Amino acid sequence: MASLAWLLIPLFAAIGAAIWGSWAARDRTSGDISELSGYARFREAMDHAEPTRLKTQEKAHSGSDAV
């Protein structure tokens with residue numbers, strides 16, 4: 001009976017390896033497309049926010065201006 005228990009260990013390892021291998025080899029192209037579109041939206045938002053940031057920097061005073 002103990003020998004059967006030792007034979008189950010490699011069997012479970014093989015099943016686990018098969019499950020992990022199928023998960024690792026899955027098709028992930030849709031995730032890349034959505035991430036690239038999200039990055040494009042981020043860059044567009046940063047391009048629109050840049051003029052506002054420059055205006056606030058022009059209005060900011062340094063410590064030496066406050067007399």
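All figures in this text were calculated on a predicted structure; none of them were measured in a lab.
- Counting side-chain heavy-atom gaps under 4.5 Å among Ile, Leu, Val, Met, Phe, Trp and Tyr, the cluster of Leu11 also holds Leu8, Phe12, Ile15, Ile19.
- The CE atom of Met46 sits 11.0 Å away from atom CZ of Arg43, with the distance rounded to the nearest 0.5 Å.
- Under a 4.5 Å side-chain heavy-atom criterion applied to ILVMFWY residues, the cluster that includes Trp20 comprises Trp23 as well.
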